[in-house]
Each structure stands twice: as C-alpha cells, then as structure tokens.
Amino acid sequence: MTEERLRRWRLLLGPSAEDVSELGEDDQRRDGALTGLYGGGGDRGAGLGASSPQLHRWLGDVRKYFPTSVVQVMQRDAVEKLGLKQLLLEPELLQSVEPDVNLVSTLLQLSRAIPARTRDTAKAVVRKVVEDIEKRLQDRLVEAVRGAVDRSRRTRRPQLQDVDWATTIKANLKNYQPQHKTVIVEDLIGHRRRSRTAAMRDVILLVDQSGSMAESLVHAAVLGSALASIRSITTKLVVFDTEVADLTDQLSDPVDLLFSAQLGGGTDINRAVAYAQTQVRRPTDTVVVIISDLYEGGSETELQRRVRELVASGVTVVNLLALSDSGTPAYDHELAAKLHALGAPAFACTPDKFPELLAAALRKDDLTQWAEAEGIATGR
C-alpha cells in the first residue's frame, strides 16, 4: 500500500488507527477537525461541545484545510447533528462560516430568534448566497422569459434581428445551390416582437414556507426578484403555510423578502390557490407556479376544484415539488398525480432548469413533453 493511501486511510479511520500512518502537521489539523465533528472511531461520537471559542477555531481549520464543497457538508453536519443552531446566532461565528443555501435555510428558520447584534451579520451571509444565485441564473432567466414573451408570434416578414435563422435555413434547403455551396433564401421566418409598453404576461409564484421547503424558498425569492425586473412580465410572489402572505412589494430586495417569510408551520395549499384566483386578470396570459411538496393540510377536494377551474379558464398551472439542487424531495405522489390529470403537471425542478421551464410555460408548450425531453421526471 502506498504512503498516500495509508495517509488517506488514517484520516478516514481517525485516531483509533494511529498505527496505520503518521500524520504531518497539516494532516493533524485536518484530523483534529474531523475528530471534533465525527469523533475518533468506535461509536464516532462527536466532540465539539458547546464552547464558542472552540467552535470558532474548528470553523477556521475546516475552511483552511478542506475544499469549499467539503466545508459546506461539515458545517451542515455540525449544525444538524450537534444541535449548534444557537451558536450560529453569534456574529463572530457567522463571520467564520462558508455561506451556502443550507446555511441560509437554517438562518431563515432561526430568523425570529436572531438577536439584534447578529441580524446584520446574518443578512450579510444571506446576501452573499443570494448574489451568487443571481450571478448564476438572473441573465439566463431574463433572456429566456423575454424571448418567450416578445417573440411569441411567428411571421414571414420579420425584422433582421428577429429572424429565426435555424428555421429559415431548414425551410429553404430546397434552394441549396451546390455549385455555390449556399442556400438561396426565399422566405424569412422569424417572430414579430410585441410592444414592451405594457405587461404581456402575469406570473404568480405560490411558495410553500414549511421548513422542508426552505431551499426552494431561497431560490424562488431570487428568481422572483429577477422576474420583477422584466417590463413585459408582472410578477407576484406569495408565501403560505396555514396563512397566506403576499410579499410582492418586497421583490426589489430578496434578502428582506426572505427575512419576512416565516419558515415552519402547517400547509394549506388550497388557501394559497384561492388567493391566486383573486389575482388572475387575464387567464390565458397567466402562469401560476405552485412550489410545494403537496402535503396538503387543507382541503384536497377544494384544491382540486380550484386547479380545475384555473386550467379550464386558460391559466397555465405548474406544480414544482422542489426548486432546489437537492434532488426530488419526498412529496405526496397521489395528489401530484391527481393534479397532473387536471392539467397541472408536477416536476422537481433545479434552479438551473427553471428559466427554460418558465419560458415553455409562457409559450404554452406541452410541459410534460418538455420535461421528458429534458430528462425531468413528472410527479404522476
């Protein structure tokens, strides 16, 4: 066995395997960080304790000796397994952590308990994650949605900037001139732009704020804020548990919006959909996105009736079982199948896929076919 493999086994097994390999100074610090969280072997009992200075040193070592992806996993394990949530309410500790969506979810669940001295630091952590998501997704979302709304009508007399060149070339292949190796274009195919002086589509995001949907809420707030910046879209963002709160007026700052939400509690999807019905002005130009794991605590019968009414009126209704990178969550398969049968398909959607999904919904594409083409499983 090579020295490097022995070293790796020693770090994996912990101090109980000291005879496997000797560790250098940096590896001893790595070993100490792992042992503090996962223990030194045997029952793998954790040993960080409740000392803030000790945890502060541990966080520093973790950030220094491990890559970011590992740091985030270890931080999450420390919070969840060792019951250290209260220690995250101290500004000195928050400044030491590596911000990620899971940490933001924890802070949002603790938001009502965060003392004044820590709130600014907590908001700074949340803002860092929000900005990272914006950098990754905002431009893609804006481009996809504008394309879906502004180029929704096909024309054979498009302006040059609106020509669909792939479709145009395909339609004119019959005019290919082999001697010149070129296609003679007789018909231009493109899209007629709509005026941007007024909103052309309405998007209503209904976001379940139960604790299990925390990561989805973070992404929904950022994506909702990006949608609100598009003149051809009117966007509403509504959060719900057993009550309904319209947070549309806070879309200009997703961080403030997130701290206005209150994670936890029950779930009444029917009440949220009832509110959405009152906000529909132009049914055929409206998309309602329900972001929930569909564990309904209200009336399933009423919920199905309302969804049936929305779909029959021309509203596009989509159920997102999650809007996160964590994969398909636990969800109510039976209710998802019933809603799918009513014309409101259900998907587990990653944030990276959301721009294309929403663009397809705005174009009124067949979303089930879209999902199959993208390799996304439907909840039916």
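This structure is a prediction, so every number in the text was calculated from the model and none was measured.
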Closest approach of Asp325 to Glu215 (non-hydrogen atoms, all atoms of both residues): N-OE2, 3.2 Å
Side-chain (Asp241) to main-chain (Glu243) donor-acceptor, under 3.5 angstrom: yes
Closest non-hydrogen atom pair between Ala228 and Thr235, with its separation: N-OG1, 3.7 Å
Main-chain N/O of Ile269 paired with Glu296 side-chain donor or acceptor, under 3.5 Å: yes
pair Val311-Leu342: side-chain heavy atoms closer than 4.5 Å: no
Separation between CD1 of Ile233 and CG of Asp202, rounded to the nearest 0.5 Å: 8.0 Å
Note, Leu358 side chain near Leu227 side chain (heavy atom, < 4.5 Å): yes
CA sep, side-chain torsions, deciding dist, call: Arg281, Thr234, side-chain contact (heavy atoms from CB on, under 4.5 Å): CA-CA 11 Å; Arg281 302 174 301 161; Thr234 58; 3.6 Å; yes
Short side-chain to backbone donor-acceptor contact, Ser225 and Leu251, under 3.5 Å: yes
side-chain contact (heavy atoms from CB on, under 4.5 Å) assessment of Phe240 paired with Thr267: CA-CA 7 Å; Phe240 66 92; Thr267 305; 3.9 Å; yes
Asp246-Thr248 side chain donor-acceptor pair, cut-off 3.5 Å: yes
Criterion side-chain hydrogen bond (donor to acceptor under 3.5 Å, both in side chains) against Asp132, the qualifying member of Lys135, Arg136, Lys128: Lys128
For the student: nearest non-hydrogen atoms of Ala144 and Ala359, plus distance: O-CB, 3.6 Å
Check: Tyr331 main-chain N/O paired with Asp293 side-chain donor or acceptor under 3.5 Å: no
Cluster overlap Leu320 with Tyr295, hydrophobic side-chain contacts below 4.5 Å: no
Leu137 side chain near Asp352 side chain, heavy-atom distance below 4.5 Å: yes
SB check Glu131 Arg127 (cutoff 4.0 Å): no
Sub-4.5 Å side-chain heavy-atom contact between Arg271 and Thr242: no
Linked, directly or transitively: Val142 and Phe354 (ILVMFWY side chains, under 4.5 Å): yes
Contact summary for Pro345 and Phe347, nearest pair of heavy atoms: CB-CZ, 3.7 Å
Leu335 and Asn319: CA distance, side-chain angles, deciding distance, side-chain contact (heavy atoms from CB on, under 4.5 Å) verdict: CA-CA 11 Å; Leu335 182 55; Asn319 295 286; over 6 Å; no
Neighbour count above 12 (heavy atom, 6.0 Å) for Glu374 CD: yes
